[in-house]
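Numbered from 1 within each chain, the chains take letters A, B, ... in sequence-line order.
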Amino acid sequence: MALAEKIKKTLDGIRHQFPTEQALLIPALHEVQNEYGWVSIDNMKDIGEFLHLPLSKVREVASFYTMFKLEKQGQVDLQICTNISCWLNGADKLVACAKRKLHVENGETTKDGKFTLTQVECLASCGTAPALMLNEDYYENVDEALLEKIIDDATKDLAAGKVVGKSTRQEGMWL
Amino acid sequence: MMYNNEHFEPVITPNVSKPGCETIDFYIKNEDGYKALEKALKMKPAEVVDEVKKSNLRGRGGAGFPTGMKWSFMPPNPVDGQGNPKPKYLVCNADEGEPGTFKDRLIFTKTPHRMIEGMIIGGHAIGSNKGFIYVRGEWFKECRLMQKAIDDAYAKGFLGKNILGSGFNFDLVIYKGAGAYICGEETALLNSLEGKRGEPRLKPPFPAQVGAYGMPSCVNNVETFAAVPYILHKGWEKYAKMGTERSGGTRMIGVSGHVHKPGVYELPMNLSINEIIEIAGGVKGGKLKAVIPGGASAPMLKASECTVLTDYDSLAKAGTMAGSGGIIVMNDTVCIPEATYTLLKFYEHESCGQCSQCREGSHWLARMFKRILDGGGTQDDLDYIAKICGNMAGQTICAFADAVTGPALSSVRKFRSEFEELILRGGLKGINREESVSHKMGGAHV
Ligand SMILES: Cc1cc2nc3c(=O)[nH]c(=O)nc-3n(C[C@H](O)[C@H](O)[C@H](O)COP(=O)(O)O)c2cc1C
Ligand code: SF4
């Protein structure tokens with residue numbers, strides 16, 4: 001297999017912005033993460049081939065950054081901030097609520113493969129704590145009622161075949 | 001006038017609550033947008049650096065290094081081994097990840113052109129034709145808003161070739177991280193910008209000699225750049241006057257935790273922590289117990305110490321730091337050992353693992369705090385914590401290890417009786433508290 005054509009196209013489109021080819025590695029990993037929801041060894045090989053980097057280089061970078069998932073994830077990554085300001089404002093209740101509702105522990109994926117529950121570190125939303133991310137989208141000042149609604153809405157949207165939590169994504173742009 | 005400072009006026013946030021404030025048209029029409037650039041481009045680079053020096057602007061990323069001085073460290077005409085000129089890069093640090101800090105995100109979403117203008121002026125000042133904005137990976141929307149702002153600036157001729165007919169060229173490119181706090185450290189950021197693991201580099205060489213892609217580079221924080229247009233447009237005197245003797249201007253202070261009106265406030269530096277808490281609506285849910293005054297890495301202050309002023313020097317004198325301007329307020333319902341543990345767990349996860357003191361130290365500190373919370377702690381642990389911290393601070397490649405010791409040491413020193421009570425009574429259960437967040441985390445970066 002090779003890297004998907006549209007990913008190659010996106011990367012070729014930004015090549016001129018950077019002095020080295022390796023600079024494209026993090027963008028490439030982001031694109032793969034977005035496309036497949038995780039980064040497999042095969043993906044890494046494809047990236048390495050396209051960017052002329054050995055697998056070891058791709059792997060050492062992929063494994064360094066928490067946003068690149070090296071195992072299969074749920075379709076929706078529900079990431080609740082539990083760092084200090086969110087913690088002081090009741091992030092613990094949100095985590096408990098999400099666990100109850102999804103029947104998973106932190107870091108686990110629901111049996112139907114729809115949701116992964118993740119605890120994340122400070123999202124720079126301390127003034128609107130507690131905060132969470134649903135895939136790419138931020139939600140702030142979240143309480144349990146809102147969290148339940150977020151999960152219910154996401155469940156409905158997934159069932160209707162819609163993309164969830166990527167409301168500002170633009171096709172062909174790696175950012 | 002307001003805040004007992006007759007010279008004060010908001011430098012960065014005068015209009016951030018108005019609709020449309022993030023657009024280029026608003027910036028040009030209502031905020032004299034890009035006027036400072038016009039002026040700067042008519043000046044010699046050294047003159048621009050001089051204005052910034054005289055303004056007493058200090059870096060807002062955490063270390064508080066004088067910005068004009070940093071700019072003057074950039075070599076004027078660097079050449080490679082063959083005598084060919086080397087490019088220089090200007091880098092904006094938008095990795096904002098210090099717990100309790102959320103000011104740069106406000107600038108990104110509400111007044112991005114101020115930062116862009118500051119960067120173009122910075123590029124002219126240090127003789128760079130290319131800037132990179134390194135943004136933390138979680139900011140999907142923020143990145144896209146910033147890209148739109150950059151596109152608009154290109155369309156109006158403020159970016160690109162021959163800017164405003166001056167002959168100066170400047171391009172601006174966004175690069176996105178992928179979830180690693182340590183990439184906020186400037187040399188880790190440079191590695192990440194090159195598509196590598198975000199591991200801090202040994203200094204020297206400093207970025208001004210060997211920075212991004214091996215070229216001379218200058219890294220500044222978002223807020224630092226956003227202050228530059230004002231300095232050029234209104235003059236350095238005005239900016240310098242607002243601040244203290246050794247630090248000009250205003251600060252963007254993020255107040256969070258147990259206050260009624262959390263948020264980012266642009267304030268003069270002659271306010272005490274207590275006054276700032278009042279501005280943020282006062283303490284909620286109980287009485288004031290402790291404050292972290294400059295992002296999670298800053299040593300804690302007890303309520304009785306909160307009369308201290310919030311300029312760099314006063315906070316340093318009080319044994320803590322102004323850091324990144326994030327003030328975290330804790331009321332008297334908070335168990336300090338537990339609060340500190342939430343931070344240590346974060347540091348344990350975020351250590352890049354290059355230095356054994358930091359990798360092992362942050363791990364052991366987190367484990368020891370957990371043990372105390374779980375009821376397995378001993379009195380000796382408290383001394384041992386201090387010992388571990390002593391082996392970490394100042395012993396490593398980057399200042400991350402020092403940052404870890406900030407909360408760890410200060411909490412034990414200032415709230416020792418709480419730790420002793422937990423040890424005596426068998427942990428959180430003994431004082432009738434439940435552990436509030438299950439503390440299982442993902443793997444570390446190593
Ligand atoms: C562990 C660590 C994390 C840091 N995180 C940030 C950050 O998120 N944002 C930032 O601007 N500076 C951060 N810094 C400071 C940078 O290394 C650097 O000093 C700063 O970007 C310089 O910009 P300034 O001179 O404008 O402050 C961090 C430093 C350390 C040691
Ligand atoms: S001090 Fe910690 S974070 Fe900094 S380089 Fe060493 S191991 Fe990495």
Side-chain angles (χ1 to χ4, degrees), chain A residues 14 17-30 33 51 53 57 60-61 63-68 79 82-85 87-93 95-96 99 105-107 118-129 133 135-138 166-170 173-175, chain B residues 87 96-102 104-105 135-141 143-144 147 171 173-181 192-199 212-213 215 254-258 262-264 292 296 326 328-330 334 339 342-343 346 349-350 352 436-438 440-442 445:
Chain A
I14 58 168
Q17 297 182 330
F18 303 101
T20 65
E21 198 164 35
Q22 177 155 6
L24 298 177
L25 178 50
I26 290 174
L29 288 162
H30 270 301
Q33 173 71 39
L51 297 179
L53 293 169
K57 269 260 173 326
E60 74 171 27
V61 172
S63 63
F64 185 83
Y65 296 95
T66 27
M67 285 174 71
F68 303 136
Q79 308 167 70
T82 53
N83 210 309
I84 186 96
S85 301
W87 177 78
L88 290 170
N89 282 295
D92 49 324
K93 294 199 192 78
V95 173
K99 283 184 186 172
E105 285 299 314
N106 281 317
T118 315
Q119 275 185 33
V120 285
E121 295 303 352
C122 188
L123 293 171
S125 306
C126 320
T128 42
M133 277 182 95
N135 286 344
E136 296 178 1
D137 293 348
Y138 269 69
K166 297 189 180 183
S167 60
T168 61
R169 178 163 283 275
Q170 287 156 270
M173 182 165 153
W174 80 278
L175 296 170
Chain B
E96 184 162 70
E98 176 82 7
T101 313
F102 49 106
D104 296 343
R105 189 163 161 245
V135 187
R136 61 176 294 177
E138 290 83 355
W139 288 3
F140 290 93
K141 186 183 88 187
C143 262
R144 291 160 193 162
Q147 187 60 53
D171 286 306
V173 170
I174 298 180
Y175 197 79
K176 207 152 80 89
Y181 164 73
S192 185
L193 181 60
E194 296 177 8
K196 301 176 180 159
R197 287 164 71 87
E199 288 168 345
Y213 307 102
M215 301 302 163
V255 193
S256 66
H258 289 148
V264 178
I292 301 177
I328 304 162
V329 178
M330 293 183 262
V334 174
T342 62
L343 294 176
F346 160 75
H349 180 245
E350 299 296 338
C352 87
S436 39
V437 180
S438 100
K440 208 164 77 187
M441 290 289 306
H445 292 291

Can any side-chain N or O of [X] pair as donor or acceptor with the backbone N or O of [Y] at less than 3.5 Å?
X        : Y        : value
A/His30  : B/Gly177 : yes
B/Tyr181 : A/Cys122 : no
A/Tyr65  : B/Gly198 : yes
A/Ser85  : B/Ser256 : no
A/Gln22  : B/Gly195 : yes

Let's test your reading of the structure: which of [options] forms the most heavy-atom pairs below 4.5 Å with chain A?
options                                : value
B/Gly97, B/Gly100, B/Pro87, B/Ala212   : B/Gly100
B/Glu194, B/Met330, B/Gln147, B/Met215 : B/Glu194
B/Glu98, B/Glu199, B/Arg136            : B/Arg136
B/Gly137, B/Cys143, B/Pro99            : B/Pro99

Determine, step by step, whether A/Asn83 and B/Leu343 satisfy the side chain to side chain contact (heavy atoms under 4.5 Å, CB included) criterion, reporting the C-alpha distance in whole Å, the side-chain angles of both residues, the deciding distance to 0.1 Å, and the verdict. CA-CA 7 Å; A/Asn83 210 309; B/Leu343 294 176; 3.5 Å; yes
What closest approach, in Å, do B/Arg197 and A/Glu60 show between heavy atoms, and which atom pair accounts for it?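 Here B/Arg197 and A/Glu60 meet closest at NH1-O, 2.9 Å.
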Please give me the minimum heavy-atom distance between A/Ala124 and B/Glu96, naming the atom from each residue.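 Where A/Ala124 meets B/Glu96 most closely, the heavy atoms are CB-OE1, 3.8 Å.
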Most heavy-atom pairs under 4.5 angstrom with chain B, which of A/Leu25, A/Leu29, A/Leu51, A/Val61? A/Val61
Tell me, out of A/Gln33, A/Glu21, A/Met133, who's got the most heavy-atom pairs with chain B below 4.5 Å.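 Most heavy-atom pairs under 4.5 Å with chain B: A/Met133.
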Heavy atoms, side chains only, cut-off 4.5 Å: are [X] and [Y] in contact?
X        : Y        : answer
B/Arg105 : A/Ser125 : yes
A/Thr128 : B/Pro262 : no
B/Lys196 : A/Phe64  : no
B/Tyr213 : A/Thr20  : yes
B/Val173 : A/Ile14  : no
B/Phe140 : A/Lys166 : no

Before you tell me yes or no, could you show the steps for A/Val120 and B/Glu138 under side chain to side chain contact (heavy atoms under 4.5 Å, CB included), namely the whole-Å CA-CA distance, both residues' side-chain angles and the distance that decides it to 0.1 Å? CA-CA 10 Å; A/Val120 285; B/Glu138 290 83 355; over 6 Å; no
Could you state the interatomic distance from [atom1] ([X]) to [atom2] ([Y]), rounded to the nearest 0.5 Å?
X        : Y        : atom1 : atom2 : answer
B/Ile174 : A/Leu175 : CD1   : CG    : 5.5 Å
A/Leu123 : B/Trp139 : CG    : CH2   : 10.5 Å
B/Ile328 : A/Ile84  : CD1   : CD1   : 5.5 Å

Is [X] close to chain A through its backbone or its side chain, or both, or neither, when contacts mean heavy atoms under 4.5 Å?
X        : answer
B/Arg144 : both
B/Ala296 : neither
B/Val135 : neither

Ring centroids only, cut at 6.0 angstrom: are A/Trp87 and B/Phe346 within range, meaning strictly under it?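 Here the rings of B/Phe346 and A/Trp87 have centres that are no less than 6.0 Å from each other.
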